[in-house]
Enquirer: 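Before I ask anything, let me first share the structure, which is written out below as C-alpha cells.
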Amino acid sequence: MLFDTHTHTTFSTDSRMTFAEAEQAARERNLGIIITEHMDLAYPEPEAFTFNVDDYFAAYGAHRSDALLLGIEIGMRDDCVDANREIVAKHPFDFVIGSIHVVENIDIYQGSFYHTRTKEEVYHQYFNSMIVCLEQYDFIDSLGHIDYICRYAQFDDPELYFFDFQTDIDLVLSQLAQRDQAIEINTRRLYLPDSKEALLPVYHRFRELGGRFVTIGSDAHKAKDIGKGLDLAMEMAETCGLTPVYYKERKPIRLTL
Ligand SMILES: [Zn+2]
Ligand SMILES: [Zn+2]
C-alpha cells in the first residue's frame, strides 16, 4: 500500500479539511495516510500554527489503524528545541516531520523576507537555519520539503539548483545521513515544468552521502490533494536508489506499490 505521509486537517491553523474528509479520500484512493498537523512553537503570530496535542489524540486516536497513522510536522527553530523535544517525547506519534517555515522570526511565506537581498543570500540563510536546527533536532524522523522556499521566493527563477548551493545542501544531507534520518520528497512542486529535474540531484546526492530513506507526502490541506503526485515521487526515489518508507510508531516501513 502507498502512503501519503504528509497531510493537514483542522488541527492545523491553515487547513479546513476535516478528519472524515481526509480519511474518506485516502480510502477511496486505496492509500494509507499519516496526518501531520502543524506545530510551529514561537510562531511570529501568537497562538497560530500550534495545537493541543492531547485534544488531537483524543479526537483521532480511536480511528488510528494500520492505514491511518498520527504524526506531527514540527516547525524547527533553534530557540525552542527542548520544548519541541518534550512534545515529541510525551506523545505517541507514529511519525515526526521537521520543517523550516520561519527564518529569523519571519515566515518565509512573507514577501518581506525577500526584499533587498539576492537569491544567494536568502537561500544561504535558509539552509543555514536548516543546518543549525538539524544538528539539534535529532528527534525528527524526516526533513520536510527541502524546497519549501521555492514556493514563495520572489525571484525570477526561485527553483533550487543543487549545484548553486551544493556546499549548504551537502551539510544538510550529510547530517541526515549520519543519523539515518529520512528526507521527504514533497510532491507539491513536482508538477512544475523544471522542479522534478532540478530536485533529482539533491536526492541523488543524499544517496551518495549514505542516506537511505525517503518519505513521500503531498502536504495536502484539501481532500482533492491527498495522494497527489505520489507516483512521481516513487519514480524519483527509485531513480536515486533511495528506499521509500512511511513511519509507524517511529519506525520506518518500506512502501510498496
Ligand atoms: Zn511545512
Ligand atoms: Zn505541511
Side-chain angles (χ1 to χ4, degrees), residues 3-19 21-22 25-26 31-45 48-51 53 56 60 68-78 80 84 87-88 93-110 113 123 126-127 129-131 133-134 137 139-153 158 160 172 176 181-192 195 199 202 214-230 233 246-247:
F3 254 82
D4 189 339
T5 68
H6 188 159
T7 64
H8 296 275
T9 71
T10 47
F11 279 94
S12 292
T13 300
D14 60 352
S15 178
R16 280 191 237 150
M17 173 162 60
T18 64
F19 177 85
E21 288 168 339
L31 295 172
I33 186 174
I34 309 183
I35 296 174
T36 50
E37 307 290 19
H38 282 298
M39 180 68 83
D40 282 76
L41 296 182
Y43 189 78
E45 198 183 309
F49 292 100
T50 61
F51 65 100
V53 183
Y56 171 59
Y60 296 175
L68 194 152
L69 302 173
L70 299 180
I72 187 167
E73 178 181 16
I74 294 217
M76 296 189 291
R77 297 172 58 119
D78 67 353
C80 39
N84 278 316
I87 289 170
V88 169
F93 294 108
D94 287 298
F95 179 45
V96 178
I97 301 176
S99 297
I100 294 289
H101 298 129
V102 172
V103 175
E104 287 192 343
N105 213 33
I106 303 177
D107 189 325
I108 57 183
Y109 167 84
Q110 308 259 344
F113 188 60
Y123 281 43
Y126 166 70
F127 284 120
S129 341
M130 201 177 272
I131 292 157
C133 284
L134 284 176
Y137 282 75
F139 53 90
I140 64 159
D141 299 315
S142 185
L143 171 69
H145 47 50
I146 192 168
D147 59 330
Y148 180 74
I149 196 165
C150 309
R151 293 188 196 171
Y152 308 111
L160 178 57
V172 169
L176 292 168
Q181 288 163 312
I183 188 169
E184 176 182 79
I185 302 178
N186 190 288
T187 66
R188 177 82 70 94
R189 297 179 61 260
L190 297 184
Y191 291 95
L192 299 175
S195 295
L199 290 170
V202 174
V214 277
T215 58
I216 291 175
S218 67
D219 213 348
H221 290 62
K222 292 181 178 152
K224 70 173 177 55
D225 293 327
I226 286 180
K228 197 172 169 188
L230 297 191
Y246 67 98
Y247 283 72

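Along the sequence shown, residues are numbered consecutively beginning with 1. Just follow the structure's listing: the first ligand is 1, and inside any ligand the first atom is 1. Please read these numbers as outputs of a predicted model, since none were measured by experiment. Only heavy atoms go into these numbers, but all of them, side chains included; no hydrogens, no water, no symmetry mates.
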Enquirer: Only N/O/S atoms count here: what is the atom of Glu73 closest to the Zn ion (ligand 2) called?
Expert: OE1

Enquirer: Please give the atom name: the N, O or S atom of Asp219 nearest to the Zn ion (ligand 2).
Expert: OD1

Enquirer: Suppose we only count N/O/S atoms under 2.8 Å; would His145 qualify as near the Zn ion (ligand 1)?
Expert: yes

Enquirer: Between His221 and His38, is the ring centroid distance below 6.0 Å?
Expert: yes

Enquirer: Mind checking whether the Zn ion (ligand 1) has an N, O or S of His6 under 2.8 Å?
Expert: no

Enquirer: Quick check, are the ring centers of Tyr137 and Phe139 under 6.0 angstrom apart?
Expert: yes

Enquirer: Please confirm whether the backbone N or O of Ile140 pairs with a side-chain atom of Gln181, one donor and one acceptor, at under 3.5 Å?
Expert: yes

Enquirer: Do Tyr60 side-chain atoms and Ile35 backbone N/O form a donor-acceptor pair below 3.5 Å?
Expert: no

